[in-house]
Amino acid sequence: MEKIGKIAVIGDSESATAFLAIGAAVYKVDDENKAEETLRDLVKSDEYAVILITENYAAKMEQLMQKLKQQTYPVVLCIPGSTGSNGFGLAGVRKDVEKAVGVDILSN
């Protein structure tokens, strides 16, 4: 199946619904178990190039997020939820940048 440019969003209803405007497939979930199940199903489907997941759910499945980071596709990224950022996404970016550059250039 063609996955170039296809985007999926996993999150609570308020956070995910806004992404309908850009044509993303939206998966509204109510708890971290459903979020993890949905993420695993979407990865297996090989249908999406990018999967966005709200930080509140991503933070509760850190091992799976780290495993998916090792794969080329799909790209799985954290986005802030409707209540704002909890810092999980930025912490991941900070670790990745430090690994690539050798120093934390994002610290204040």
Side-chain angles (χ1 to χ4, degrees):
M1 182 171 285
E2 186 67 34
K3 65 182 170 191
I4 296 175
K6 290 188 85 174
I7 300 171
V9 180
I10 302 169
D12 61 85
S13 181
E14 190 175 338
S15 301
T17 301
F19 289 91
L20 289 170
I22 64 165
V26 171
Y27 296 87
K28 300 172 189 175
V29 295
D30 295 329
D31 63 56
E32 60 267 7
N33 293 327
K34 185 64 177 166
E36 183 172 347
E37 177 184 329
T38 302
L39 179 57
R40 288 180 185 279
D41 289 345
L42 293 178
V43 169
K44 279 186 216 172
S45 78
D46 200 33
E47 186 176 346
Y48 298 98
V50 177
I51 300 172
L52 306 175
I53 183 167
T54 55
E55 289 178 317
N56 57 322
Y57 293 133
K60 298 197 167 117
M61 56 179 104
E62 190 168 359
Q63 282 186 309
L64 176 58
M65 295 296 291
Q66 289 299 319
K67 180 181 173 189
L68 293 173
K69 198 181 275 192
Q70 305 303 314
Q71 300 177 5
T72 305
Y73 285 102
V75 175
V76 180
L77 302 170
C78 298
I79 57 172
S82 59
T83 58
S85 176
N86 63 12
F88 182 78
L90 180 59
V93 170
R94 178 171 277 134
K95 285 179 198 173
D96 292 343
V97 169
E98 186 172 359
K99 183 178 178 182
V101 177
V103 65
D104 182 4
I105 61 171
L106 298 177
S107 64
N108 294 331

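Quick caveat, the model's predicted, so the values are computed rather than measured.
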Seminar exercise, completed: Rounded to the nearest 0.5 Å, the CG atom of Leu68 sits from the OH atom of Tyr73 at a distance of 15.0 Å
Seminar exercise, completed: OG (Ser15) and CD1 (Ile10) are apart, to the nearest 0.5 Å, by 12.5 Å
Problem set entry | Partner of Val76 under side-chain contact (heavy atoms from CB on, under 4.5 Å), chosen from Met65, Lys67, Lys69 | Met65
Seminar exercise, completed: Closest non-hydrogen contact found for Pro74 with Tyr48 is CB-O, 3.2 Å
Problem set entry | Nearest heavy atoms of Val9 and Ala24, plus distance in Å | CG2-CB, 3.9 Å
Exercise. Does a salt bridge link Lys34 with Glu37, judged by any charged N lying under 4.0 Å from a carboxylate O?
Worked result: yes
Exercise. Does CD in Glu14 sit with more than 12 non-hydrogen atoms of other residues, nucleotides or ligands closer than 6.0 Å?
Worked result: no
For this session: Would you give the length of the straight line joining atom CD1 of Ile51 to atom CD1 of Ile79, rounded to the nearest 0.5 angstrom?
Result: 12.0 Å
Exercise. Which value, rounded to the nearest 0.5 Å, describes the distance between Asp31 atom CG and Lys60 atom NZ?
Worked result: 9.5 Å
Problem set entry | Point-to-point distance, once rounded to the nearest 0.5 Å, from CG of Leu64 to CG of Leu39 | 5.0 Å
For this session: Please indicate whether Gln71 has more than 12 foreign heavy atoms, meaning atoms of other residues, nucleotides or ligands, lying under 6.0 Å from its CD.
Result: yes
Seminar exercise, completed: Of all heavy-atom pairs linking Ser13 and Lys28, the shortest is OG-CD, 3.7 Å
Exercise. Between the side chain of Tyr27 and the main-chain N/O of Leu42, is any donor-acceptor distance below 3.5 Å?
Worked result: no
For this session: Could you pull out the closest heavy-atom pair between Glu47 and Lys6, with the gap in Å?
Result: OE2-NZ, 2.7 Å
For this session: Indicate the atoms forming the closest heavy-atom contact of Cys78 with Glu55, along with that distance.
Result: CB-CG, 3.9 Å
Exercise. Do you know the tightest heavy-atom contact between Ile53 and Ala58?
Worked result: CG2-CB, 3.9 Å
